Amino acid sequence: MKLFIAITLSDAMKDALTAAQDEMYANGVRGNFTPRENMHLTLAFIGDYPDKEPVMDALATVSFSAFPLSLSGMGCFRDLWWAGMDESAPLHAVVRRIRHALDENNIPFDRKRFSPHITLIRKATGTMPGIQIEKVSMPVERILLMRSDRGKRGMIYTEVGVIVKK
């Protein structure tokens with residue numbers, strides 16, 4: 001079972017992201033577009049881990065207050081195209097607390113520098129058009145532990161635990 005910690009997105013945010021995907025497609029961009037139901041912001045990727053309970057125990061020690069999250073611009077990591085987020089001190093602080101809790105509980109996770117983004121397309125081909133993504137914000141009040149499973153048509157993400165604002 002592959003696990004990751006994420007924020008699910010509001011419908012308004014998903015609307016803005018799918019509109020950007022539609023515009024990219026109309027401009028000749030091709031690749032593996034992230035389905036609307038899979039759009040999320042990963043805070044920590046754990047990967048293969050046999051039991052969600054130790055992860056939930058670690059997450060139970062993480063407290064946070066609600067904070068806003070806002071879309072801001074687009075970019076790419078080679079052939080992975082993404083939507084970015086406005087700089088957010090509360091977001092970075094909660095990520096540090098989550099990663100510290102995982103570390104304290106000897107739960108392995110990907111230690112790459114946190115770069116907040118929402119994946120829009122994998123294996124993208126074409127030229128990134130000059131799309132202006134709609135400036136949409138949402139409050140973050142829940143952080144989820146998610147499981148990913150490979151399905152016949154791509155990844156299937158399932159919520160397996162939640163922490164809520166204090």
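Note that the structure is predicted; figures quoted are calculated from it, not measured.
For the pair Phe4/Leu43, no side-chain contact is recorded, criterion being any heavy-atom separation below 4.5 Å from C-beta on. The shortest side-chain heavy-atom distance between Val136 and Asp15 does not fall under the 4.5 Å cut-off. Residues Phe64 and Arg97 meet the side-chain proximity criterion, which asks for heavy atoms closer than 4.5 Å. At a threshold of 4.5 Å between non-hydrogen side-chain atoms, the residues Glu23 and Asn27 count as touching. A 4.5 Å side-chain heavy-atom check between Tyr157 and Asp149 finds every atom pair outside the cut-off. The shortest distance between side-chain heavy atoms of Lys135 and Asp86 falls below 4.5 Å. In this structure, the side chains of Ser115 and Trp82 stay at 4.5 Å or more apart for every pair of heavy atoms. You'll find the side chain of Leu41 reaches within 4.5 Å of the side chain of Pro116, heavy atoms only.
Hydrophobic clustering keeps Ile5 apart from Met146 (ILVMFWY residues linked when any side-chain heavy atoms are closer than 4.5 Å, directly or through intermediates). Under the 4.5 Å side-chain heavy-atom criterion for Ile, Leu, Val, Met, Phe, Trp and Tyr, Leu71 and Met24 are members of the same hydrophobic cluster. Trp81 and Leu9 end up in the same hydrophobic cluster when Ile, Leu, Val, Met, Phe, Trp and Tyr side chains are linked at under 4.5 Å. Neither Leu17 nor Leu80 shares a network with the other; the hydrophobic side chains, linked directly or stepwise wherever heavy atoms of I, L, V, M, F, W or Y lie under 4.5 Å apart, form separate groups for each. Under the 4.5 Å side-chain heavy-atom criterion for ILVMFWY residues, a single connected hydrophobic cluster contains both Val94 and Met56.
Closest of all the heavy-atom pairs between Lys165 and Ala66 is CD-CB, 3.6 Å. Contact between Arg147 and Val160 at its shortest, heavy atoms only, is CB-CG1, 3.9 Å. Summarising the geometry of Ile46 relative to Pro108, their closest heavy-atom pair is CG2-O, 3.3 Å, with the distance given to 0.1 Å. Nearest heavy-atom pair across Met138 and Thr8 is CE-O, 3.3 Å. Looking at every heavy atom in both residues, Thr127 comes nearest to Val29 through O-CG2, 3.6 Å. Pairing each heavy atom of Pro68 with each of Ser88, the nearest pair is O-OG, 4.1 Å.
Checked against Val162 for a side-chain contact (heavy atoms from CB on, under 4.5 Å), the options Leu144, Ile143, Leu145 give a single hit: Leu144.
Taking a 6.0 Å sphere around CZ of Arg122, one finds it holds 12 or fewer heavy atoms contributed by other residues, nucleotides or ligands. Residue Gln132 places its CD atom among 12 or fewer non-hydrogen atoms of other residues, nucleotides or ligands, all under 6.0 Å distant. When the shell of 6.0 Å around NZ of Lys123 is examined, it contains 12 or fewer heavy atoms from other residues, nucleotides or ligands.
Residues satisfying the side chain to side chain contact (heavy atoms under 4.5 Å, CB included) criterion with Arg111, sequence neighbours excluded, are Asp103, Phe109. Here Asp48 pairs with Lys2 under the salt bridge (charged side-chain N to carboxylate O under 4.0 Å, His left out) rule; sequence neighbours left out.
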Exercise. After noting the C-alpha distance and the side-chain angles of His40 and Thr42, does the key distance pass the side-chain contact (heavy atoms from CB on, under 4.5 Å) rule?
Worked result: CA-CA 6 Å; His40 66 276; Thr42 300; 2.9 Å; yes
Exercise. How far apart are the C-alpha atoms of Ser70 and Met85, what are their side-chain angles, what is the distance that settles it, and do they pass the side-chain contact (heavy atoms from CB on, under 4.5 Å) test?
Worked result: CA-CA 6 Å; Ser70 302; Met85 310 305 293; 5.9 Å; no
For this session: Give the intermediate values and the outcome of side-chain contact (heavy atoms from CB on, under 4.5 Å) for residues Phe33 and Leu120.
Result: CA-CA 6 Å; Phe33 286 77; Leu120 297 176; over 6 Å; no
Problem set entry | Candidate pair Met155 and Thr34, rule side-chain contact (heavy atoms from CB on, under 4.5 Å), full reasoning | CA-CA 9 Å; Met155 298 308 289; Thr34 301; over 6 Å; no
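A donor-acceptor pair is defined here as one N or O able to donate and one able to accept, closer than 3.5 Å; no such pair exists between the side chain of Arg36 and the backbone of Thr18. No donor-acceptor distance shorter than 3.5 angstrom exists from the side chain of Asn105 to the backbone of Ile107, with no hydrogens or angles considered.
For the atom pair CG (Leu3) and OH (Tyr49), the distance works out to 9.0 Å, reported to the nearest 0.5 Å. In this structure, Phe45 CZ and Ser148 OG are separated by 5.5 Å, a value rounded to the nearest 0.5 Å. One distance of note links NE2 of His117 with OG of Ser72; it measures 14.5 Å at 0.5 Å rounding. Rounding to the nearest 0.5 angstrom, the gap separating the CE atom in Met74 from the CD1 atom in Ile118 is 11.0 Å. Atom CD1 in Ile163 sits 11.0 Å away from atom CZ in Arg142 (nearest 0.5 Å).
For the pair Arg99 and Glu104, the salt-bridge criterion is not met [side-chain N within less than 4.0 Å of a carboxylate O].
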